[in-house]
**Q** 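There's a structure below that I have some questions on.
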Amino acid sequence: MSSNKKYYDLSIVATTRNDNHGGDQLNRVTLFIRGLIHQCNKFRVNAELVIVEWNPPPNKPLLKAVLPLPGKDDLLTVRFIIVPNEIHSTLRHSDKIPLFQMIAKNVGIRRAKGEFILCTNIDLLFADPIFEFFSKKQLSAGTFYRAIRADIPKEIDYTASVENLLKFAKQNIIKRSGKITFGNNIRNTQAHIYKIPFVLRIASLFKALQFRFFVKSLKRHLEYRIVCLDTSACGDFTLMAKSDWEKVFGYPEFEAYSIHIDSLAIISAAAIGIKQVILPLKACSFHISHEDGWENADPIRKLYKDIDRPMLDWSSVENVALHLFKTKEPLKINTPTWGFAENEFEEFIFGIQ
């Protein structure tokens, strides 16, 4: 079924390909879509899911043929945008990286029809409080929203109802990734606590008025801003107005493995004054653990994979963050046609007509 709807309150952008990445891939994507259909209906959220199918394997069917699709009464519209191998193969390191995750998400961002865009991944269930929040229509431009990620076991019953799986997820959290605010302090849920007393923050700013301490104190203040940004697992949940995504030019289109590129989008947003809001702990995303996941991968295997593919180092990201906070500008890496804006891709749309 095709859709002629031109406007949505929310666009949900994700990317994948039919290559069984991480094992049980189709089960995870199926549950992801089932969850979105269920929660859009339950909370009456007018949304579209934009799946960018990047570099589809030639020996496998397209995802539209193997994934669940919305029915005539469902509120979620699902769009599949196909980026072929002919595009993928023009990028550096395309032989080592089969899917350029952040460039693919940019394809979705540029073509999304929602006022607000949530960039996420395909192995998640969202806690009901997230969709309850969406239903209140209180999202604001000039703000980016983050949610804690809670990892759950991969051994789940994919045939169970979404409601039962959400109950299971809440009762079987392995660990959390992200930050929680406590007044002026930020707590990292992976066990590091950053405590910057308010008095020291004021003192740091006061010293900045003294010329001989200006550079040192300014850097200390900027480093505090970096610490406060919730960049942990931010590829799973970064939400802001489409107009704000455009202000930061989407994700930097490095032809590299996706690690830390998602953080740069958040850093760019904060640098130009877009405010961070971290949703309450109960409004989390549940991540289904899988093989080759960044957080849970075998550390020895990960060493070899890291050596074999180009990627950003976090120290470089921190240095760029300091620069952007000083200049109050986004990272200007992308061309005006970021997200392959000038290309026409094959698209399949399913949902309300």
Side-chain angles (χ1 to χ4, degrees), residues 1-18 20 24-54 56 60-83 104-105 107-109 111-137 139 156-169 236-237 239 242 283 285-288 345-353:
M1 291 186 293
S2 63
S3 169
N4 59 7
K5 292 177 70 174
K6 301 298 183 183
Y7 169 82
Y8 300 88
D9 294 326
L10 176 68
S11 293
I12 302 166
V13 173
T15 182
T16 190
R17 61 197 298 265
N18 191 3
N20 199 33
D24 269 343
Q25 181 200 21
L26 289 181
N27 281 334
R28 287 181 283 122
V29 187
T30 294
L31 182 55
F32 173 65
I33 295 176
R34 283 179 55 210
L36 292 177
I37 291 173
H38 171 82
Q39 290 173 311
C40 283
N41 291 339
K42 179 178 179 179
F43 293 98
R44 313 304 297 170
V45 174
N46 171 37
E48 65 169 356
L49 169 62
V50 182
I51 294 182
V52 179
E53 191 166 351
W54 183 276
K60 294 289 185 67
L62 292 177
L63 292 171
K64 69 181 180 67
V66 294
L67 292 177
L69 302 172
K72 63 179 182 178
D73 297 322
D74 292 324
L75 292 182
L76 180 72
T77 295
V78 178
R79 298 167 57 197
F80 295 92
I81 299 174
I82 314 300
V83 179
K105 287 181 178 179
V107 170
I109 291 170
R111 291 158 180 80
K113 299 176 182 177
E115 182 181 2
F116 290 86
I117 300 175
L118 166 62
C119 285
T120 185
N121 288 320
I122 51 85
D123 41 21
L124 300 172
L125 276 174
F126 297 106
D128 275 349
I130 287 182
F131 270 81
E132 184 178 5
F133 175 60
F134 292 159
S135 69
K136 295 178 181 178
K137 298 185 178 182
L139 299 175
I156 63 175
D157 180 5
Y158 286 104
T159 65
S161 68
V162 172
E163 293 285 0
N164 284 338
L165 284 168
L166 286 172
K167 291 178 182 177
F168 171 85
D236 285 331
F237 194 105
L239 167 65
K242 181 167 184 176
S285 63
F286 296 110
H287 172 253
I288 303 166
F345 295 125
E346 187 176 24
E347 181 174 347
F348 301 94
I349 307 175
F350 303 88
I352 300 173
Q353 296 193 63

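Residues: numbered from 1 along the sequence shown.
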**Q** Mind checking side chain to side chain contact (heavy atoms under 4.5 Å, CB included) for Lys137 and listing every partner two or more places apart, or none if nothing turns up?
**A**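 Result, side chain to side chain contact (heavy atoms under 4.5 Å, CB included) vs Lys137: Asp9.
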**Q** Would you please name every residue forming a side chain to side chain donor-acceptor pair (under 3.5 Å) with Asp74, sequence neighbours left out?
**A**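 Asp74: side chain to side chain donor-acceptor pair (under 3.5 Å) contacts with Asn41.
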**Q** Just jot down the ring-ring contact (aromatic ring centres under 6.0 Å, His included) partners of Phe134, sequence neighbours excluded, or say none.
**A**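 In terms of ring-ring contact (aromatic ring centres under 6.0 Å, His included), with neighbours along the sequence ignored, Phe134 is linked to Phe131.
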**Q** Under the rule for salt bridge (Lys or Arg N to Asp or Glu O under 4.0 Å), what residues qualify as partners of Arg79, not counting sequence neighbours?
**A**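 Checked Arg79 against salt bridge (Lys or Arg N to Asp or Glu O under 4.0 Å); matches are Glu48, Glu347.
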**Q** For Phe133, which residues count as a ring-ring contact (aromatic ring centres under 6.0 Å, His included) partner, sequence neighbours excluded?
**A**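 Expected list: Tyr145.
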**Q** Show the nearest heavy-atom pair for residues Leu124 and Thr120, with the distance to one decimal.
**A**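 Distance-wise, the nearest heavy atoms are CD1-OG1, 3.0 Å.
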**Q** Side chain of Arg111, backbone of Val107: donor and acceptor closer than 3.5 Å?
**A**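 Between the backbone of Val107 and the side chain of Arg111 there is a qualifying donor-acceptor contact (under 3.5 Å).
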**Q** Can you list everything that forms a side chain to side chain contact (heavy atoms under 4.5 Å, CB included) with Ala169? Sequence neighbours excluded, please.
**A**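 In terms of side chain to side chain contact (heavy atoms under 4.5 Å, CB included), with neighbours along the sequence ignored, Ala169 is linked to Ile152, Phe286.
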**Q** How far apart are the C-alpha atoms of Phe350 and Leu67, what are their side-chain angles, what is the distance that settles it, and do they pass the side chain to side chain contact (heavy atoms under 4.5 Å, CB included) test?
**A** CA-CA 12 Å; Phe350 303 88; Leu67 292 177; over 6 Å; no
**Q** Just jot down the side chain to side chain donor-acceptor pair (under 3.5 Å) partners of Glu346, sequence neighbours excluded, or say none.
**A**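 Glu346 satisfies side chain to side chain donor-acceptor pair (under 3.5 Å) with no other residue.
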**Q** Please list, chain by chain and in numerical order, all residues satisfying side chain to side chain donor-acceptor pair (under 3.5 Å) with Lys167, sequence neighbours excluded.
**A**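 Lys167 satisfies side chain to side chain donor-acceptor pair (under 3.5 Å) with no other residue.
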**Q** Does a side chain donor of either Thr16 or Gln25 reach within less than 3.5 Å of an acceptor in the other side chain?
**A**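 The answer is yes; a qualifying pair exists.
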**Q** Ignoring hydrogens and angles, tell me if any N or O in the side chain of Asp157 forms a donor-acceptor pair with the backbone of Thr159 under 3.5 Å.
**A**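 Confirmed, Asp157 side chain pairs with Thr159 backbone.
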**Q** Run the side chain to side chain donor-acceptor pair (under 3.5 Å) test against Ser285 and tell me which residues pass, sequence neighbours left out.
**A**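 For Ser285, no residue satisfies side chain to side chain donor-acceptor pair (under 3.5 Å) once neighbours in sequence are set aside.
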**Q** Looking at residues at least two apart in the chain, or sitting in another chain, which of them share a salt bridge (Lys or Arg N to Asp or Glu O under 4.0 Å) with Glu163?
**A**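 Glu163: salt bridge (Lys or Arg N to Asp or Glu O under 4.0 Å) contacts with Lys42.
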**Q** How would you list, by chain and number, every residue that makes a ring-ring contact (aromatic ring centres under 6.0 Å, His included) with Phe43, sequence neighbours excluded?
**A**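 Phe43 satisfies ring-ring contact (aromatic ring centres under 6.0 Å, His included) with no residue once adjacent residues are dropped.
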**Q** Using 0.5 Å steps for rounding, measure from the OG1 atom of Thr77 to the CG atom of Leu36.
**A**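 The distance works out to 12.0 Å.
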**Q** Just to verify, what does Asn27 make a side chain to side chain contact (heavy atoms under 4.5 Å, CB included) with, not counting sequence neighbours?
**A**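 Partners of Asn27 under the side chain to side chain contact (heavy atoms under 4.5 Å, CB included) test: Asp24, Tyr158.
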